[in-house]
Peer 1: 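Sharing a structure below in structure tokens format, with a few things to ask.
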Amino acid sequence: MFISFEGIEGSGKTTNLSHAVRFLQDKGHDCVITREPGGTRIGEKIRAILLDPSSKEMDPLTELLLYTADRSQHINEVISPLLSAGKTVVCDRYYDATVVYQGYARGLDTELIHRLHRLLFENLKPDFTLLLDLPPEIGLSRAWKQIDEGDRDRVETRFEEETLSFHKKVRSGYLEMARLEPERYRIIDASKEPDQVRKEIARTLSEEIDVIP
Ligand code: TMP
């Protein structure tokens with residue numbers, strides 16, 4: 001089974017992903033957590049270039065191709081072998097982030113992004129995607145609080161430094177993806193109290209693992 005977590009900056013994705021994995025392990029799933037960008041030794045180097053706040057002049061197409069290069073390494077080295085071995089792969093961001101950030105927010109043609117994914121990766125998509133949704137005003141202020149308090153890396157803030165209007169496009173892009181693929185998407189209201197969000201995710205996972213082998 002292949003599960004991805006998506007959401008804007010500060011949506012609580014990474015913390016909730018850990019809770020979700022503990023929940024799945026308790027149900028007997030052999031889970032592996034991974035992430036994009038990153039997830040492989042080469043991918044971590046690509047991540048450093050992508051998220052470096054000093055990479056300001058990066059061309060949008062270069063950005064798309066670097067995320068795609070990271071994904072190629074990640075799918076071939078990690079995701080496909082794990083899925084073939086029957087593991088449950090839980091991924092912190094995946095392809096949907098490319099459609100949303102490089103497509104809807106950065107303005108690249110989303111059809112080009114879809115075509116690349118079909119051409120290069122046989123359109124490999126998660127069985128389901130949990131979207132942690134909340135207004136970007138709340139998400140960004142949470143993200144900057146974590147950065148200021150040292151809980152998140154200051155050398156990885158290129159996207160946090162984008163404008164509020166960029167993040168509004170990211171949020172509406174995700175909601176549009178969820179509208180287009182309702183059978184794959186599960187939307188979680190991430191503006192609620194952390195405990196409520198965690199329970200909502202556990203409830204959603206219980207429903208899903210009943211239908212996915
Ligand atoms: P994160 O690990 O804190 O979620 O940061 C990853 C950043 O990279 C986040 O701002 C979203 C961005 N991103 C893209 O723009 N395109 C992609 O394809 C992926 C996977 C992430």
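Hydrogens, waters and symmetry mates play no part in the numbers below; they use all other heavy atoms, side chains included. Predicted model, so just to flag it, every value in this text is computed and none were measured.
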Peer 1: Looking at Thr204 and Glu200, would you say the former's side chain and the latter's main chain have a donor-acceptor pair under 3.5 Å?
Peer 2: yes
Peer 1: Would you find a donor on one side and an acceptor on the other, under 3.5 Å apart, between the side chain of Ser55 and the backbone of Ile49?
Peer 2: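 Confirmed, Ser55 side chain pairs with Ile49 backbone.
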Peer 1: Who are the side-chain contact (heavy atoms from CB on, under 4.5 Å) partners of Arg198, not counting sequence neighbours?
Peer 2: Asn16, His19, Asp195
Peer 1: Measuring from Asp133:CG to Ser191:OG, what's the distance to the nearest 0.5 Å?
Peer 2: 8.0 Å
Peer 1: By side-chain contact (heavy atoms from CB on, under 4.5 Å), which residues pair with Arg47, not counting sequence neighbours?
Peer 2: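 By the side-chain contact (heavy atoms from CB on, under 4.5 Å) rule, Arg47 matches Arg35, Pro37, Glu44, Leu51, Glu156.
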Peer 1: Can you tell me how far apart CZ (Phe5) and CD1 (Ile201) are? Round to the nearest 0.5 Å.
Peer 2: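 Here the rounded value is 5.0 Å.
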Peer 1: Any pair with a residue in residues 69-83 that passes salt bridge (Lys or Arg N to Asp or Glu O under 4.0 Å), sequence neighbours left out, goes on the list, sorted by first then second residue, please.
Peer 2: Glu36-Arg71
Peer 1: Given the rule that I, L, V, M, F, W and Y join up when any side-chain heavy atoms are under 4.5 Å apart, are Leu132 and Val90 in one cluster?
Peer 2: yes
Peer 1: What residues, two or more places apart in sequence or in another chain, satisfy side-chain contact (heavy atoms from CB on, under 4.5 Å) together with Thr62?
Peer 2: Met58, Asp59, Leu66
Peer 1: Do the side chains of Lys169 and Glu162 get close enough for a salt bridge, i.e. N-O under 4.0 angstrom?
Peer 2: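 Salt bridge flag = no for Glu162 with Lys169.
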Peer 1: What is the minimum heavy-atom distance between Thr157 and Asp153, and which atoms define it?
Peer 2: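 Closest heavy-atom pair between Thr157 and Asp153: CG2-O, 3.7 Å.
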Peer 1: To the nearest 0.5 Å, how far apart are CG in Leu108 and OG1 in Thr98?
Peer 2: 10.5 Å
Peer 1: Would you find more than 12 non-hydrogen atoms of other residues, nucleotides or ligands less than 6.0 Å from Arg118 atom CZ?
Peer 2: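 Atom CZ in Arg118 is packed in, count exceeds 12.
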Peer 1: Rounded to the nearest 0.5 Å, what separates atom CG in Leu82 from atom CE in Met1?
Peer 2: 13.5 Å
Peer 1: How long is the span from the OG1 atom in Thr129 to the CZ atom in Arg184, to the nearest 0.5 Å?
Peer 2: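 Thr129 OG1 to Arg184 CZ: 4.0 Å, rounded to 0.5 Å.
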Peer 1: Other hydrophobic cluster members with Val155, side-chain heavy atoms of Ile/Leu/Val/Met/Phe/Trp/Tyr under 4.5 Å, chained?
Peer 2: none
Peer 1: For Val21 and Cys31, which heavy atoms make the closest approach, and how far apart are they?
Peer 2: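 Where Val21 meets Cys31 most closely, the heavy atoms are CG1-CB, 3.9 Å.
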Peer 1: Are any side-chain N or O atoms of Ser206 and backbone N or O atoms of Ala202, one a donor and one an acceptor, separated by less than 3.5 Å?
Peer 2: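 Pair found, side chain donor or acceptor close to backbone of Ala202.
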Peer 1: Transitively linked via ILVMFWY side-chain contacts under 4.5 Å: Tyr95 with Leu131?
Peer 2: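 Yes, Tyr95 connects to Leu131 through the hydrophobic network.
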Peer 1: The test is side chain to side chain contact (heavy atoms under 4.5 Å, CB included); show your working for Ile187 and Leu175 and say whether it passes.
Peer 2: CA-CA 8 Å; Ile187 303 178; Leu175 291 172; 4.0 Å; yes
Peer 1: If you look at every heavy atom in Ala105 and Val170, which pair is closest and at what distance?
Peer 2: CB-CG2, 3.7 Å
Peer 1: With the 4.5 Å side-chain cut-off for hydrophobic clustering, are Ile79 and Leu24 part of the same group?
Peer 2: no
Peer 1: Would Val89 and Phe23 show up in the same hydrophobic cluster when neighbours are defined by side-chain heavy atoms closer than 4.5 Å?
Peer 2: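 In one cluster: no.
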Peer 1: Residues two or more places apart in sequence or in another chain: which of them pass ring-ring contact (aromatic ring centres under 6.0 Å, His included) with Phe2?
Peer 2: Tyr94
Peer 1: Looking at every heavy atom in both Arg186 and Pro182, which two are closest together, and how far apart are they?
Peer 2: NH1-O, 3.2 Å
Peer 1: Flag yes if Val32 and Ile42 sit in one hydrophobic cluster, no otherwise; membership is Ile, Leu, Val, Met, Phe, Trp, Tyr, and two members link when side-chain heavy atoms are under 4.5 Å apart.
Peer 2: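 In one cluster with Val32: Ile42, yes.
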Peer 1: Output yes when Arg203 and Glu207 qualify as a salt bridge under the 4.0 Å nitrogen-oxygen rule, no when they do not.
Peer 2: yes
Peer 1: With sequence neighbours excluded, give me every salt bridge (Lys or Arg N to Asp or Glu O under 4.0 Å) pair touching residues 13-27.
Peer 2: Lys13-Asp92
Peer 1: Measure the CH2-CD distance between Trp144 and Glu160 for me, rounded to the nearest 0.5 Å.
Peer 2: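 The distance works out to 6.5 Å.
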Peer 1: Check ring-ring contact (aromatic ring centres under 6.0 Å, His included) between Phe121 and all other residues, then give those that pass, not counting sequence neighbours.
Peer 2: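 Phe121: ring-ring contact (aromatic ring centres under 6.0 Å, His included) contacts with His117.
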Peer 1: Take Ile75 and Leu120 through the side chain to side chain contact (heavy atoms under 4.5 Å, CB included) test and state the conclusion after the steps.
Peer 2: CA-CA 10 Å; Ile75 289 177; Leu120 300 176; over 6 Å; no
Peer 1: Among all residues two or more places apart in sequence or in another chain, which pass the side chain to side chain donor-acceptor pair (under 3.5 Å) test with Thr110?
Peer 2: none
Peer 1: Any chance CD of Glu193 has more than 12 other-residue heavy atoms, nucleotides or ligands included, within less than 6.0 Å?
Peer 2: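 Check fails, neighbour count at 12 or below.
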Peer 1: For the residue pair Leu205 and Ala20, what are the closest heavy atoms and their distance?
Peer 2: CD1-CB, 3.6 Å
Peer 1: Could you list all the ring-ring contact (aromatic ring centres under 6.0 Å, His included) pairs where at least one residue sits in residues 159-179, not counting sequence neighbours?
Peer 2: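 Residue pairs passing ring-ring contact (aromatic ring centres under 6.0 Å, His included), neighbours aside: Tyr101-Phe159.
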Peer 1: Quick one: list whatever passes side chain to side chain donor-acceptor pair (under 3.5 Å) with Asp30, sequence neighbours left out.
Peer 2: Lys87
Peer 1: Which pair of non-hydrogen atoms, one from Pro126 and one from Ser4, has the smallest distance, and what is that distance?
Peer 2: CG-OG, 3.3 Å
Peer 1: Suppose we screen for side-chain contact (heavy atoms from CB on, under 4.5 Å). Which residues come up paired with Leu164, at least two apart in sequence or across chains?
Peer 2: Pro136, Glu137, Leu140, Lys168
Peer 1: Within the supplied structure, the quantity of interest is the number of heavy atoms (other residues, nucleotides, ligands) at a distance under 6.0 Å from Glu122 CD; does it exceed 12?
Peer 2: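 Count not over threshold, so no.
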Peer 1: Quick one, Gln73 and Lys45 - any side-chain contact, counting heavy atoms below 4.5 Å?
Peer 2: no
